[in-house]
Amino acid sequence: MTEALAIYPHTKRNGLTFTLAGATGLLISFVLFIQYSSLFPFSLVLFGLSSVSVLLGAAKLNEPLISLELNETGVTYFHRPWPSDA
């Protein structure tokens, strides 16, 4: 066994999509809030959902590219670094 077998996580999928959709939603909610005060409840809900989407997308993008790697020496597990490890 000379090559390492890498296992890629599914949790990293759609991270960029969530981030871009959330940023677009934030921009739209700001425009609605400033221009159309009658749509304040809708813009507030859109702002909340977009904020969650941006945070979720950023968390997904922060995931490692490879979760597990199997090679001749054993199994290596890759995880996100803690803030104290950086």
### Task
Using the test ring-ring contact (aromatic ring centres under 6.0 Å, His included), find all partners of Phe47 that sit at least two apart in sequence or belong to another chain.
Phe30

### Task
Say whether Leu5 and Tyr77 are linked into one hydrophobic cluster, either directly or through other cluster members, by side-chain heavy-atom distances under 4.5 angstrom.
yes

### Summary
Shortest non-hydrogen pair, Ile66 vs Leu68, comes out as CG2-O, 3.3 Å

### Message
Once rounded to the nearest 0.5 Å, what's the spacing between atom OG of Ser51 and atom CG of Leu56?
### Response
12.5 Å

### Query
Nearest 0.5 Å, what's the CG-CG distance between Leu49 and Leu44?
10.0 Å

### Message
The criterion is ring-ring contact (aromatic ring centres under 6.0 Å, His included); which residues satisfy it with Phe33, sequence neighbours excluded?
### Response
Phe40

### Task
Return the minimal non-hydrogen interatomic distance between Ser43 and Ser29, and the atom names on each side.
O-CB, 3.5 Å

### Query
Roughly how far, to the nearest 0.5 Å, is the CG atom of Leu46 from the CD1 atom of Ile28?
6.5 Å

### Query
Mind checking what makes side-chain contact (heavy atoms from CB on, under 4.5 Å) contact with Leu20, not counting sequence neighbours?
Leu16

### Query
What heavy-atom pair brings Ser50 and Gly22 nearest, and what distance separates the two atoms?
CB-O, 3.3 Å

### Query
Between Lys60 and Arg13, what is the shortest heavy-atom contact and its length?
NZ-O, 3.3 Å

